[in-house]
Amino acid sequence: MARQILERIASSVVICVALTLFVFLAFFRIAHGGGRGRQAPIHGPVLDQYGHYVWRIVRHGDLGHSSISHQAVGAQLMDGAPVTLSLVAGGLVVWLLLSVPLGLLSALRPRSFGDRASTVFVLAGLSVHPLWLGLLASWFFGHYLNVLPAQGYCTMNDLSTGCDGVARWAEHLVMPWLVFGFVNAALFSSFVRALVHEELGADYVRTAVAKGAGPRRVLEGHVLRNVTVPLLTVAGLTAGTSVVGVVFIESAFDLPGLGGMLRQAVLRRDLPMTAGTVLVLALAVVVLNLLVDLAYTLADPRVRAT
């Protein structure tokens with residue numbers, strides 16, 4: 001098992017190197033064109049400049065300075081990271097709370113009303129765009145019903161803003177959490193339904209039922225154990241792609257996170273800020289997939305036996 005873990009870590013390191021090289025080359029010519037999109041030749045050895053770029057990131061966490069505010073990009077991203085982490089963490093909880101029960105209900109009672117309702121939920125979640133849904137939720141619950149804050153963000157402990165505390169913080173994130181969870185739960189619930197429905201028709205399940213095992217014991221002791229490993233893979237893929245939706249959700253609710261910073265940087269043509277945000281978000285996806293791969297390795301008994 002140690003060899004599999006080392007292989008996954010090594011592959012993630014290679015991907016991280018490739019990402020830094022891509023960001024360096026993609027933004028290098030534009031940055032030397034004065035930030036107006038003009039192409040300019042690269043002066044000096046490219047590998048030396050790339051090595052210096054990576055060394056500044058690894059050694060000092062230096063992602064350059066914004067061409068608009070002239071502040072360090074790394075410091076600005078550190079300020080926005082807690083907002084994005086709050087959105088993603090709460091959204092993942094909503095995602096699991098929506099997708100797993102709906103998938104199990106559909107698999108255990110196929111062609112029932114709950115199964116048909118789950119199908120409508122999946123189709124709606126796959127069809128709707130997170131930006132449109134976020135704007136609609138912001139208008140309906142924030143402006144029309146006035147039951148939740150339409151936009152903005154509150155910190156937990158910054159008394160200088162006049163908007164702080166856990167209650168105000170959660171109140172401003174309820175709608176972003178629900179939008180994040182709804183959009184990403186649709187596809188995952190369909191995978192839960194398909195995997196559980198397939199396992200319920202397996203020979204070992206019929207054998208367990210014939211021996212007198214109850215439905216709950218069959219589901220918890222046999223079916224869920226066998227679907228955990230493939231669901232981890234699907235969860236990793238879904239969680240990785242869901243990071244892209246953060247840009248739209250933060251833009252819809254005007255959250256000062258990494259997604260909102262990326263949008264503002266693109267609109268202002270702030271190339272150092274754009275490059276730094278893209279790199280950080282891409283590396284976050286790689287780390288998230290690595291954690292899922294490690295969990296997959298630990299959960300699969302066939303891997304543990306090698």
Side-chain angles (χ1 to χ4, degrees), residues 69 76-103 105 113-114 116-189 238-239 241-268 273 277 281 284:
S69 64
Q76 296 183 68
L77 295 180
M78 288 296 293
D79 292 336
V83 182
T84 301
L85 289 176
S86 300
L87 170 61
V88 173
L92 289 178
V93 173
V94 176
W95 165 41
L96 293 177
L97 292 178
L98 285 176
S99 59
V100 175
L102 283 176
L105 177 63
F113 175 78
R116 291 183 173 88
S118 177
T119 302
V120 174
F121 169 78
V122 170
L123 292 176
L126 294 177
S127 303
V128 73
H129 195 279
L131 179 60
W132 178 85
L133 183 61
L135 293 174
L136 179 63
S138 176
W139 170 81
F140 185 73
F141 294 103
H143 296 288
Y144 185 73
L145 296 180
N146 198 23
V147 294
L148 289 171
Q151 291 181 329
Y153 179 77
C154 284
T155 60
M156 290 187 182
N157 54 6
D158 190 358
L159 300 178
S160 63
T161 62
C163 180
D164 63 284
V166 177
R168 298 295 302 277
W169 168 80
E171 187 181 25
H172 281 76
L173 287 175
V174 168
M175 283 195 293
W177 285 340
L178 293 176
V179 172
F180 185 97
F182 176 81
V183 172
N184 294 289
L187 181 62
F188 192 70
S189 63
T238 306
T241 55
S242 67
V243 175
V244 180
V246 169
V247 179
F248 301 107
I249 297 174
E250 290 186 354
S251 299
F253 294 101
D254 195 22
L255 298 177
L258 299 181
M261 289 182 176
L262 177 60
R263 174 177 172 272
Q264 292 295 328
V266 172
L267 292 177
R268 297 177 178 179
M273 190 69 187
T277 310
L281 289 175

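Considering every non-hydrogen atom in both Pro82 and Ser86, the closest pair reads O-OG, 2.7 Å. Between Pro176 and Leu87, the shortest heavy-atom contact is CB-CD1, 3.5 Å. Val247 and Ser251 get closest at one heavy-atom pair: O-OG, 2.7 Å. The two residues His172 and Cys154 make their nearest non-hydrogen contact at CE1-SG, 3.2 Å. For Gly91 against Trp177, the heavy-atom pair with the smallest separation is N-CD1, 3.4 Å. Considering every non-hydrogen atom in both Ala150 and His143, the closest pair reads CB-NE2, 3.4 Å.
Trp132 contributes atom CH2, which lies 10.5 Å from atom OG of Ser127 (distance to the nearest 0.5 angstrom). Between atom CE of residue Met175 and atom CG of residue Leu255 there is a gap of 9.5 Å, rounded to the nearest 0.5 Å. Separation of atoms CZ (Phe140) and CG (Asn146) is listed at 12.0 Å; rounding is to 0.5 Å. Atom CH2 of Trp95 is separated from atom CG of Leu178 by 16.0 Å, given to the nearest 0.5 angstrom. Rounding to the nearest 0.5 angstrom, the gap separating the CG atom in Leu133 from the CD1 atom in Ile249 is 8.0 Å.
Within the 4.5 Å cutoff, the side chain of Leu98 has no heavy atoms near those of the Ser189 side chain. Annotation: side chain of Glu171 is in contact with side chain of Pro149 (closest heavy-atom distance under 4.5 Å). Side-chain contact between Ser118 and Leu105 is absent, with no heavy-atom pair separated by less than 4.5 Å. Ser69 places none of its side-chain heavy atoms less than 4.5 Å from the side chain of Met273. In this structure, Val174 and Phe141 have side chains that are not in contact, with every pair of non-hydrogen atoms separated by 4.5 Å or more.
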Start with the C-alpha distance between Phe188 and Val100, add both sets of side-chain angles, then the distance that settles side-chain contact (heavy atoms from CB on, under 4.5 Å), and finish with yes or no.
-> CA-CA 8 Å; Phe188 192 70; Val100 175; 4.2 Å; yes

Verify side-chain contact (heavy atoms from CB on, under 4.5 Å) between Ser138 and Gln151, making sure each step is shown before the conclusion.
-> CA-CA 7 Å; Ser138 176; Gln151 291 181 329; 4.0 Å; yes

So Val246 and Leu258, side-chain contact (heavy atoms from CB on, under 4.5 Å) or not? Walk me through it.
-> CA-CA 8 Å; Val246 169; Leu258 299 181; 5.9 Å; no

Apply ring-ring contact (aromatic ring centres under 6.0 Å, His included) to the pair Phe253 and Tyr153, showing each step before the final yes or no.
-> CA-CA 9 Å; Phe253 294 101; Tyr153 179 77; over 10 Å; no

Begin with the C-alpha distance, continue with both residues' side-chain angles, and end with the deciding distance and a verdict on side-chain contact (heavy atoms from CB on, under 4.5 Å) for Thr155 and Trp169.
-> CA-CA 6 Å; Thr155 60; Trp169 168 80; over 6 Å; no

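Under 3.5 Å, the side chains of Glu250 and Thr84 contain a donor-acceptor pair of N or O atoms.
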